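What you see is a predicted model, and the numbers here were worked out from it, not measured in a lab. We count ligands from 1, going down the list as the structure has it; atoms in each ligand are counted the same way. Positions are given from 1 along the sequence.
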Amino acid sequence: MSSESGIAKLDLESLWHPLTQHRGLEARMPREIVSGDGVFLTDAQGRRVLDGVSGLWCVNVGYGREELADVAREQMAKLAYLPATFVHAPAARLAGKLLDMLGYAGKVYFTSSGSEANEVAFKVARQYQAQIGSPGRHKIIARHRAYHGNTLGALSATGQEERKAGYGPLAPGFLHVDAPDLYRSDRDAAAQLEEAVEREGAETVAAFIMEPIIAGGGVLVPPDDYLERVRGICDRHGVLLIVDEVVTALGRLGAPFAHQLYGVEPDLLTLGKGLASGYQPLAAMVAKQHVFEAFEGELDELRHLRHINTYGGHPVATAVGLRNIEIMEREDLFERATKAGDALLGRLRRLEDHPNVGDVRGRGLLLGIELVEEKAEKRPLGAASVARVVGRCAGDGVIVGKTTNTTRGHGNVLILAPPLVLGEDESELLAATVERAIREELPASP
Ligand SMILES: Cc1ncc(COP(=O)(O)O)c(C=O)c1O
């Protein structure tokens, strides 16, 4: 039992944890965490652990930012809440800031989670198509191995079998094509998208949704020209491009937005996580101006977006989000993430000599290590061996992630996504711990 304070007992009695089999949980309860600073968390016994996954890939500016706590306190004292049907400065300022950073005209719709941001993107895509005269365009094409959230629409777009099993029937109108997987497949994923659009009939397809780099599905980095080709396919067929940057926006890949790295602009963009670095539950959907304009009309024509969230555009969350971005700019975190990511990737690639390390990949500070039984056939390493590596890292004071409940048999990719403030010594501690865990827990046969 991890805690002497009784918290672990209370937790076991009261909380239902996500992605967790509760049977036998008592024996493997995670430690009670009481505080965080920078890239470190501290548990109830005072032990510090390096958080190599930024919580859930979201604490981009690192833990313990008093400045963000001050902004939240001030905003709560001044104006704790207003629905987004009203006007208030924090939401307006943050929306304006995001559009400045994006460099195009559009409109921002705030939500509290990435799942909700994707839900609104799907509704906007369908309503847009209907209102420009294509009511038959309702299908959303997504990709196998992608994750877009846990609400039923977002889950229907998700391409991870184990996340969906048992929750059907899911929403109709979602279908999936392959994502590029440079390590495992030489199929042309962009061509497959175009084939799917043609097979379904473009006049039935509303939108295509993709993560720039599939994160939870295994850190799948696309070929450099993939996004540009996808943009071309969407344009040719009148399909809206939704880029899900819930993980990748706000610095994770070393740029404000990942699509900027690939020279492509989405029609609809979703972001979350790094938007407020996890200090507040905040996410958003950004529509380009041409999409927004299709919603103009008289009120009784019902052309407006008929969607609301109680906490969308929350004053405290948006005030914190704005300051979070100011911190990123002031501390050059985009540039620092690029450099830190390149250095960490280079350091981890030393592991490629190990027989169970099939591939080391990533961009910025979103990195994956694909573990295999052996290199020739690339058979994914078994779950128990992967768990041993992750457990050893945790035992040695470093939290690393792994693909979980994604594609059956592919729980074999270690995921590293540390806060963007990762220093050189911390990076070395992270890499050395992962290296030791792999070399000692997966000893090469003589
Ligand atoms: C790419 C992507 N989209 C959407 C989501 C859903 O975001 P949330 O958990 O905030 O609903 C996630 C969550 O991990 C994600 O990785």
Report the residues that fulfil salt bridge (Lys or Arg N to Asp or Glu O under 4.0 Å) with [X], sequence neighbours left out, ordered by chain and then residue number.
{"X": "Asp43", "result": "Arg31"}
{"X": "Glu370", "result": "Arg184, Arg361"}
{"X": "Glu265", "result": "Lys288"}

Review point. For ligand 1, what is the set of protein residues having any non-hydrogen atom at a distance below 4.0 Å?
Key: Trp57, Ser113, Gly114, Ser115, Asn118, Tyr147, His148, Gly149, Glu211, Asp244, Val246, Val247, Lys273
Exercise for review: Identify the heavy atoms of Leu365 and Ala337 that sit nearest to each other, and give their distance.
Suggested key: CG-O, 3.9 Å
Check your understanding: Closest heavy-atom contact between Phe295 and Val124?
Key -> CZ-O, 3.6 Å
Check your understanding: Is it the case that Arg363 places NZ or CZ above or below the six-membered ring of Tyr262, under 6.0 angstrom from the centre and within 45 degrees of the axis?
Key -> yes
